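I have placed the structure first, in the form of structure tokens, so that the comments after it can refer back to it.
When reading the values below, keep in mind they use all heavy atoms of this one structure, side chains included, and skip hydrogens, waters and symmetry mates. By convention in this document, chain letters (A, B, ...) are assigned in the order of the sequence lines, proteins followed by strands, and residues within each chain are numbered from 1. None of the values given here were measured: they were computed from a predicted structure.
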Amino acid sequence: MSQGSGHVSDALPSAGTRPRRADGASGGARPGPEATSVVNLQQVSKFFGPVIALNDVTLQLQPGMTGLVGPNGAGKSTLIRLLTGQLRPSLGRVQVCGCDAWRAVAKRHIGYCADADAFYEEMSGRAFVRLIARLHGLRGRPARQRSEQLLEQVNMAHRADRPIASYSKGMRQRIKLAQALVHDPDLLVLDEPLNGVDPIGRLEILEQLRNLAAKGKAVLVSTHILDEMDKLADRILFLCRGRLIAAGSLAQVRTMLADHPLRVAISSSQPRALAARLVRHPTVLGLRFEGETGLIARVRPPHEFFRMLAELASEDGFEINRLRVLDASTEAVFDYLMETARHMR
Amino acid sequence: MSSLYAILHLTFLSARRMIWSRQTVLNLLLLVLATVACIAWSLREDPTPERFVAQILLPIYVAFLLPISCLCYATAGIAGDREEGTLVYLLATPLPRPLIYLAKYAAALTLTLIWTLGGLRLLGQAAGPVGAQVVALVSWPVLLASCAYVGLFQWFATLFSRATIVALGYALFLEVLIGSMPGIVKRLAVSFYAQILIFDATGDLGVASAGPHNPAMFLPIAASAATLVLLIATVGLFLLGGWTFSQREYV
Amino acid sequence: MTRKWQAVTGFSSGIDDREREIAVNVQTREAAREDRDAVRQAEYRSWSHQLHPAWRVCFPLAATGLRLVLRRKLFWLLLGLAALNFLFLFATIYLRAQVSAENPGVARFVDGVLHSVTGEGRSYRDFMFAQGTVTMLLLAFAGEVLIGGDHRQGGLTFYLSRRMAAWHYVLGKLLSIAALVLLTTTVPALILFLQYGLLTNSLAYFRDNWRIVVGILGYGAVMAASLSLLLMALASWFPRTVPLVMSWACVFVLLPAVGALLSEVFDNRHWRLIMFWRNIRMLGTWCFGALTREQDLVMLPWAAGVVVAVGVVCLLALFPRIRAVKVVT
């Protein structure tokens, strides 16, 4: 893992089942992360005229849940379109399950839930999902059965006979999810799948995505709702200005960003005495009291602070009741990364 | 087999969506208007094949109804999906792009031929015995011109985001402009070859004099050459469209 | 981030309170400066004016519509086609002036051959009429961009959720379509008129032919008003490109052909009234003061009636479609 570079090799252990090869072969010659990767991007760049939408990105995606985070214009949609074979890279190579993502054969492995709210509006949700099933090669009864199963799964079975034009935003998102899953893809790419979905529906969809990830599917979710990333994603890709600035689990990325101040909440029976000791230490940049027993410290670098705190507890006998890192969330990490990216300019 | 099944399904879906659309209603309206004109024409005292060609077939059918009918189905297939944003669903399926193009082409061509040939027959019947006599002879030129127009307009749909406007500009502006120019430049227009074939087919009825007032400006070519050009254009434009569609990024 | 940390408070036990206070003050000042910078960068200004009357939203709406169209490459291509005719006449008028200065006999010959450069009202009328084909294409394109897009992509909801009524929206859009019509017909005709006058030896041409300006403006106004109403009504009912283009082409190509045929078959000139473009032309000719034939003068009120009736029908057809909410059954 590296920061501030286009080349990010995600070192997370692989999990779940090995994806099927498009050509029926059981495996590649090379061992290592690429061999178990569902997606493999090698030094991919994408230009739109003079604009570089994606700049020298290298990454692999393994089965499990991956979040894709970045500000507007970061290149998230371009990355997604490259992965789903809607775009071809200007430079580099995009492979899904060993196949070039642009080629039709790769589409067997990809389920795509687009951000755009476009449908055949006059069709019913049921007919639409069934149509997509048929376009994926399912015939007659299997297509019907699979469609029904997915409509049940997204909780739309009882409402699927109405024309899509009459659906709410949340219902449309569910139908989009159902059509993306209809051919049981190895890679599921979801662009803002929770837009317009009510809180209960959101929980349902998140649960389904977790189940899919647990079954060994690679799920890539692009979202602006960063809070949900904490609960949802095994690892996160941070994009900024077309570059992949970090990839890995939140904890890994947070550790990587040791130079950034971290907020730590400490609960102690002796808050004032502890504060007096802490504030003298160079790793503590700021302190404030939180209630009767709480302290919130702003620290840098965190690992030195935690070592010092452990010494205080063990050698000086300070009682630490609770220790909590406040801004290791995706949002905070995102903020830090964007700040880093700004300094990189 | 599964791909074939999917392609057939896509063809059927495309055709169904084209039929149940506003353009079909408008097409019907245009045809009704033209039919009324034909009925009115049949009431005149001296209907002749020559007059039918000069007053109905060329100005109303060949110059307007034929390209408009071809345009409304040929561009709607792909340009409609692009406009509505639904093309992404088709491109996300494991169907090779040339096959998707083929499905759209098959749907558009089938509907267009039904519409143009059926419409022609209706106009002929509405114009009375003279009209029916002429129409029976010009089906082949109309079929060839329809195929060429469908190929051309569907190729436009793969190239331009506003293919319908471009196709309209071609059919009602560029073809008219080219057709009125001296020299061989008019050989770029589909309607030029259609007219040659129509004059050739109806030659026995003495229709040749219904042609351009200045034959020297028209510079006709042999009917067999016109047929060959339209056939080559149809196949060539289909292949060109399929290639363009399989190479371009649609986002 | 500075904002988050401005809440850091003084700390009394074992640290330098003054140092802490200074640090807090510095942070607070930095935060305030950042806020000011952000406000300045966002170009916010304190509000010190009254709101304009609601009807004035028509102008920004029209300007936005025009900008939308002007941004497209296809528009410039179509405008280029429209400019071909204009450039040809522009060059011909110049050449005629040059030739007439050197050899007046040749100029008379040119006038006899090329009626389009005689400098009479009919020349300008014919030029504006000839611009019609490209104007038709341009408007088919503009209808799809300006009105069809609003219906398809929720632009109507966006506009009507503002402080404006349906008729403000209609007026704004009509203005932008009218501006396009004027751009391709009236403005070039006025330029040609100016050119013609300036290439003569005195201002007499302008003084003697003031009626031509009235004609150009009148014909332009009739075209702009009638075409914008017709286009807006059609595009509201057929927001998708293909049906819009078909209906538009029907009005300008099929109906004239059918009208000419019916008029000939039944030997009745009233059938020509279904040729909408011809009716507009007749009104334009009247504006130029060039409608002299008795039979045309008889038909003029009918033509005017048809144009007005079409306009009224378009208006009536238009308003049911201008709704912010679409009810799906």
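- When C:V134, C:V145, C:L77, C:L261 are compared by the number of non-hydrogen pairs under 4.5 Å with chain B, C:L261 comes out ahead.
- Rounding to the nearest 0.5 Å places CG of B:N27 at 3.5 Å from CE of C:M246.
- Contacts of C:F252 with chain B are absent, with no heavy-atom separation under 4.5 Å from either backbone or side chain.
- Heavy atoms from other residues, nucleotides or ligands lying under 6.0 Å from CZ of C:F90 number 12 at most.
- No more than 12 heavy atoms of other residues, nucleotides or ligands sit less than 6.0 Å from atom CZ of B:F12.
- Most heavy-atom pairs under 4.5 Å with chain B, from the set C:A140, C:A249, C:A260, C:G259: that is C:A249.
- The closest side-chain heavy-atom distance from C:V258 to B:I60 is below 4.5 Å.
- Atom CD1 in B:I68 sits 9.5 Å away from atom CG in C:L254 (nearest 0.5 Å).
- Residue C:N268 places its CG atom among more than 12 non-hydrogen atoms of other residues, nucleotides or ligands, all under 6.0 Å distant.
- Only the side chain of B:I56 comes within contact range of chain C, with heavy atoms under 4.5 Å apart.
- Contact annotation: the side chain of B:L172 never approaches that of C:L137 to less than 4.5 Å [non-hydrogen atoms, C-beta and beyond].
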Test side chain to side chain contact (heavy atoms under 4.5 Å, CB included) applied to C:F141 and B:L168, step by step: CA-CA 10 Å; C:F141 166 67; B:L168 182 78; over 6 Å; no
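- C:L244 contributes atom CG, which lies 9.5 Å from atom OG1 of B:T164 (distance to the nearest 0.5 angstrom).
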Full working for side chain to side chain contact (heavy atoms under 4.5 Å, CB included) between C:F238 and B:L26: CA-CA 10 Å; C:F238 305 113; B:L26 278 167; 4.0 Å; yes
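- Atom CD1 of B:I184 has 12 or fewer heavy atoms from other residues, nucleotides or ligands within 6.0 Å.
- The distance from the CD1 atom of B:I39 to the CG atom of C:L262 is 11.0 Å, given to the nearest 0.5 Å.
- Heavy atoms of C:L255 lying under 4.5 Å from chain B belong exclusively to its side chain.
- In this structure the side chain of B:R162 reaches within 4.5 angstrom of the side chain of C:R72, judged on heavy atoms.
- Looking only at side-chain heavy atoms (C-beta outward), B:R22 and C:S247 stay at 4.5 Å or farther from each other.
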Side chain to side chain contact (heavy atoms under 4.5 Å, CB included) evaluation trace for C:R240 with B:Q23: CA-CA 9 Å; C:R240 297 204 183 282; B:Q23 58 254 37; over 6 Å; no
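- Along residues 79-87 of chain C, the residues that come nearer than 4.5 angstrom to chain B, judged on non-hydrogen atoms, are C:L81 in order of number.
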